[in-house]
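Heavy-atom basis, side chains included; hydrogens, waters and symmetry copies ignored.
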Amino acid sequence: ITPVPYEPQILRLLDPEGPNTHLVIGTHTKLFSYKVENPLTPEPTGEVNYSQGYLRDVFTDGLYIYTTYDMTGGGEGYIQIMQQTSVPHIVVTGEKALNGGGLSLVVDFPYAYVADGNAGVTVVDVSDFSDPVVLNTTPMISTARHTLKSGNFLYVTMKDAGFQIFDVSSPIPSSVKRPPTLNAAYSIVEKDDYLIVAESGESGVYGAIKTVDISTPSNAKIVGENFPLARPFELDLYENLMLALYEDKWTIFDATDPISLATLHTKFEGDSIMTGRIMGNALYIAHKGANYTLRIYNISNPSSPVYQTEQVLAKAPQDIKFSGNYMYMVNIDAVQIYSIVNPFLPNNVGSYSNSASGYTDSEIIGKFMYLCTTDSLEIADITSPTSPVFSGSVLLPPPSYLEYEIMACDGHFSYMGGRWAPAYSCLLWPPDDPTLVAPVYSGIYNFAYDLLYHKSHLYEATTMLGLIIYDL
């Protein structure tokens, strides 16, 4: 056993078939080499210090060592070429700045192919060991993480977005295929036999809106993709208009053809958006600035929304639902009820509050409003729209962490879940005595952010496993 003074992360063999067989070990900040011609007695033969940066990857070819490192850890990558000399020493022969973070590389002389972080995939001519030349960087839809080359094809994995295949028979890569994936789903809406899904990468770089054909739920397929260069966290659909919400902006799409969404208008709010809905010709955007406010736009021409007014809200809204001429705005403490006879000037006409644990989501079907609280299902009768009356409730099993945050209803059952809570079903009838039925599934928590019921199937948007479909 040979101790290494730092935690090893990368192992490579140098000249494995030759007389100078070496083991190259990469740590976070150092590169070591050991002569292992006799593997029982490794001999140290050199090291390179990356104290001013972070070693990302190592590739060996013959007597040469190729590395990528990030000077700052923030995407300032370099490629470096080194040679193991006959004396115990590693000689740096040349290096070149990359366009991204240089997360990994593969070398097929005379070219090095680098998964260059947020920049994409970078090709470097390494035929001159003293002066590598960056030839091209091809952008990708998300952070390029790892590379593998086989024949004339280069395979590059991306953070949050699967992988992409390039033809590199010439030095400039040309895309061959990028199998569509759905990894981190946050919100779902339904249009005919399609789901439109908001997908947001953990890194903050990747965001997409995917269309999934669910005409055969057991064989759901991604059939459309839209890349808005931002991370959508919530969607809303009203007839053929779809609203996508991002951290500080919103976009209205024409969803007449759900496979090919057409952007109609994008508006930067300048504040943190919390939720939003379309109803008729009115658009309601709740956001947090100096106060919680509700901004209202006239979207009779959705390509050119017109700001109408805004109202200060007492609490952060969790959800917005509509029934007839009324808007129900759910916050943690209560449901605020607004008359929208004039949709551009909502009038607060009542409120409802019965839960001590806090409201997180809601559904309205007929004369009943179904409320998800942090620990229960609650039902309110809204026969009198401005004065809802408590009907009944049922406690849900305690989740391991946090609380219940999302729900979907089919008129007979409700389904409640959350990031740390598996979905449970509840029988809604009679409304004064709803009944806990069973977990929809058993197993690990999926970090669920949205639930949708459609034609005897429950669709769960999760950040761990993408879109999960349950046959009910």
Is a donor on one side and an acceptor on the other found under 3.5 Å between the side chain of [X] and the backbone of [Y]?
X: D57; Y: F59; answer: no
X: D361; Y: M407; answer: yes
X: T211; Y: P258; answer: yes
X: T373; Y: D375; answer: yes
X: D192; Y: Y194; answer: no
X: T263; Y: H265; answer: no
X: T137; Y: G120; answer: no
X: D116; Y: A119; answer: no
X: K149; Y: G151; answer: yes
X: Q311; Y: P346; answer: yes

Exercise. What pairs with D248 under side chain to side chain contact (heavy atoms under 4.5 Å, CB included), at least two apart in sequence or on another chain?
Worked result: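 Per chain and number, D248 pairs via side chain to side chain contact (heavy atoms under 4.5 Å, CB included) with F268.
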
Exercise. Any ring pair (Phe, Tyr, Trp, His ring centres under 6.0 Å) pairs touching residues 451-472, not counting sequence neighbours?
Worked result: Y441-Y470

Seminar exercise, completed: Here the ring pair (Phe, Tyr, Trp, His ring centres under 6.0 Å) pairs for residues 315-368, sequence neighbours left out, are Y284-F322

Exercise. After noting the C-alpha distance and the side-chain angles of R231 and E247, does the key distance pass the salt bridge (Lys or Arg N to Asp or Glu O under 4.0 Å) rule?
Worked result: CA-CA 7 Å; R231 300 173 65 221; E247 181 180 0; over 6 Å; no

With sequence neighbours left out, which residue pairs that include part of [range] fulfil the salt bridge (charged side-chain N to carboxylate O under 4.0 Å, His left out) condition?
range: residues 178-189; result: R178-E225
range: residues 379-396; result: none
range: residues 447-469; result: D193-K455
range: residues 309-325; result: R277-D319, R295-E310, K315-D333, D319-K321

Show me the side-chain donor-acceptor pairs of residues 169-176 shorter than 3.5 Å, one per line, residues at least two apart or across chains.
from: S169; atom 1: OG; to: D167; atom 2: OD1; distance (Å): 2.8
from: S170; atom 1: OG; to: I172; atom 2: O; distance (Å): 3.4
from: S175; atom 1: OG; to: Q164; atom 2: NE2; distance (Å): 2.9

Do [X] and [Y] touch side chain to side chain, with heavy atoms closer than 4.5 Å?
X: P434; Y: I379; answer: yes
X: L148; Y: V106; answer: no
X: T374; Y: T360; answer: yes
X: D410; Y: I365; answer: no

So, [X] and [Y]: side-chain donor and acceptor under 3.5 Å apart, yes or no?
X: T138; Y: N136; value: yes
X: E234; Y: T275; value: yes
X: N291; Y: T293; value: no
X: Y78; Y: T67; value: no

Pair up each side-chain donor or acceptor in residues 238-245 with any protein partner under 3.5 Å, not counting sequence neighbours, and list the distances.
from: Y238; atom 1: OH; to: G280; atom 2: N; distance (Å): 3.4
from: N240; atom 1: OD1; to: K191; atom 2: NZ; distance (Å): 3.1

For this session: Could you check D70 against R56 for salt bridge (Lys or Arg N to Asp or Glu O under 4.0 Å), going step by step and ending with a plain yes or no?
Result: CA-CA 7 Å; D70 191 331; R56 295 304 193 195; 3.7 Å; yes

Euclidean distance, [Y] [atom2] relative to [X] [atom1], rounded to 0.5 Å:
X: I337; Y: T386; atom1: CD1; atom2: OG1; value: 6.5 Å
X: S362; Y: M369; atom1: OG; atom2: CE; value: 4.0 Å
X: Q336; Y: S351; atom1: CD; atom2: OG; value: 5.0 Å
X: L371; Y: S353; atom1: CG; atom2: OG; value: 10.0 Å
X: H287; Y: W250; atom1: NE2; atom2: CH2; value: 11.5 Å
X: S218; Y: I469; atom1: OG; atom2: CD1; value: 8.5 Å

Nearest heavy-atom neighbours spanning [X] and [Y]:
X: Y155; Y: S150; result: CE1-CB, 4.2 Å
X: V156; Y: A144; result: CG1-CB, 3.9 Å
X: I79; Y: A112; result: CD1-CB, 3.8 Å
X: Y206; Y: I141; result: CD1-O, 3.3 Å

Exercise. Does Y186 have its ring centroid less than 6.0 Å away from the ring centroid of F233?
Worked result: no

Exceeds 12 heavy-atom contacts within 6.0 angstrom, atom [atom1] of [X]:
X: F390; atom1: CZ; value: yes
X: E269; atom1: CD; value: yes
X: L229; atom1: CG; value: no

Problem set entry | salt bridge (Lys or Arg N to Asp or Glu O under 4.0 Å) against K96, all qualifying residues, sequence neighbours excluded |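 In terms of salt bridge (Lys or Arg N to Asp or Glu O under 4.0 Å), with neighbours along the sequence ignored, K96 is linked to D131.
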
Exercise. Who passes salt bridge (Lys or Arg N to Asp or Glu O under 4.0 Å) against E199, sequence neighbours left out?
Worked result: K210

Seminar exercise, completed: With sequence neighbours left out, the residues meeting ring pair (Phe, Tyr, Trp, His ring centres under 6.0 Å) with Y307 are Y297

